[in-house]
Amino acid sequence: MADRYFPNLMPDFVQEDPTLEQEIQQSGHRIPEQGTEESLVRLLATPYTTLSEKLKRAALDLKETIVVVVDTWGLTGQKVDDFTLYSGALGTALLLFKSFLVTRNGNDLILCSQIVNACDSASLHSRDVTFICGRAGVCALGAVVAKYLGYDQLLHYYLNHFKEIRLTRDLPDELLYGRAGYLWACLFINEHIGRGTILPTEMGAAVKEIFRSGRKLGGRGRSPLMFEWYGEKYWGAAHGLAGIMHILLHFELKADEREEVKETLNYMIKNRFPSGNYPASEEDKRRDVLVHWCHGAPGIALTLVKAAEVFGDKRFLQAAIDAAEVVWNRGLLKRVGICHGVSGNTYVFLALYRLTGNVEFLYRAKAFSCFLLDRAYKLISKGEMHGGDSPYSLFEGIGGMAYLFLDMVEPTNARFPAYEL
């Protein structure tokens, strides 16, 4: 199992040293070699204002690299093969949008719109309907970027195309390819363009269908709600219970629906592993292995944080803290990305910091980010860390690391991309 992650040898807490940078500059002390224990400890002691600037510079350098590589945009002649947010060009567009929100560089927003336009052409005949992997992501991000640019005609174009998306009865319910992923796109539009842009009545049918489907497989001494994806009853954020519950928690639910969501989460907590981690699926309750956003404690922790916000229930907060302990101990994965890597796992600490204000969670987010800043490239080059099947992408590659670094600039505003709002 340990071959999936690096042992976390970082101190539980390192006090920031405001004189550190000044002493090095004045005394002429050598800068420690990157990727060493000395260099990592020095980063951990760096005052947050200084560190956040280092992370921002690293993110912007990564962004420039990502924009010009074949996998995403620059060397393809501005043609798109993979339009998705997960592994393709739309992920680059979302990174540029995030960069704009942090730096207010209008060139990022213009380039973002150009990439979305290419994704629009590539996705016209796609039957996938979600934000992360489907047509809804292209139209939703396109509409939001057009709103920021003040392009009213383009805004209406994307909104009209979004409203043409149809959800079939045989659609799954999960986040990456199902109803939950479509609903997140609706929420994203309303968050950035205005509440009511997508009407509750337009979303209500999908919410109702999720409950109908979940009740059909749930109950009978098990979780009140349960869902299948390709024959597996998954628990995680990407394909299972955690992701679906997370989306439902954003809606005004009836009393019985709220209770079903709450008891579904309680069922998961009750049936977690003694370690505090969670099974990947209903059928796989013996393998305490995966500590990813997509499967395991990280993604479920983010849902529990949202549940603590919605229900005001300390049990959900404590369960999220328990899951975060698993992430701290086993979350330095030998992968860099958002979906199943160190970058994604860092958001657990950021979410708990946002909710509680406890600086220990901010330190842990800082520690994971420093680990990436100090060691990711070296470990990837040595073959000791996986750079992702799509190495420049948002969810699998260094695009996710760049996004995280930008989020670390203002940690109270940090949100896991395409999952938290």
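Quick note: numbers below take in every heavy atom, side chains included, and nothing from hydrogens, waters or symmetry partners. Residues: numbered from 1 along the sequence shown.
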query: Taking atom CG of L249 and atom CZ of F311, what is their separation to the nearest 0.5 Å?
result: 5.0 Å
message: Less than 4.5 Å apart, side chain to side chain, heavy atoms only: is that true for N271 and W235?
response: yes
Ring-face cation contact, Y377 with R375, 6.0 Å cut, 45° max: no
message: Is it the case that over 12 heavy atoms from other parts of the model lie below 6.0 angstrom from the CD atom of Q318?
response: yes
task: Evaluate the criterion side chain to side chain contact (heavy atoms under 4.5 Å, CB included) for residue pair V102 and L60; output intermediate values, then yes/no.
output: CA-CA 10 Å; V102 172; L60 297 178; over 6 Å; no
message: Can you confirm whether more than 12 heavy atoms, excluding those of E164, are under 6.0 Å from its CD atom?
response: yes
- request: Establish, from distance only, whether the side-chain atoms of Q114 and N117 form a donor-acceptor pair under 3.5 Å.
  value: no
query: Where do Y5 and V291 land on the side chain to side chain contact (heavy atoms under 4.5 Å, CB included) test, with the steps shown first?
result: CA-CA 9 Å; Y5 60 90; V291 185; over 6 Å; no
- prompt: Taking the six-membered ring for Trp, is the centroid-to-centroid distance between F416 and H246 below 6.0 Å?
  reply: no
- request: Check the angle between the aromatic planes of H295 and H239 and answer parallel, tilted or perpendicular using the 30° and 60° thresholds.
  value: tilted
- request: Would you indicate whether the side-chain heavy atoms of I338 and W293 approach each other to under 4.5 Å?
  value: no
query: Can you check whether D12 reaches Y363 side chain to side chain, under 4.5 Å on heavy atoms?
result: no
field: Non-hydrogen side-chain atoms of K378 and E384 separated by less than 4.5 Å
entry: no
task: Using ring-ring contact (aromatic ring centres under 6.0 Å, His included) as the criterion, point out the one residue from Y403, F131, Y86 that pairs with F395.
output: Y86
- request: To the nearest 0.5 Å, tell me how far F371 CZ sits from T346 OG1.
  value: 10.5 Å
- line: The reported gap from SG in C370 to NZ in K54 (rounded to nearest 0.5 angstrom) is 9.5 Å
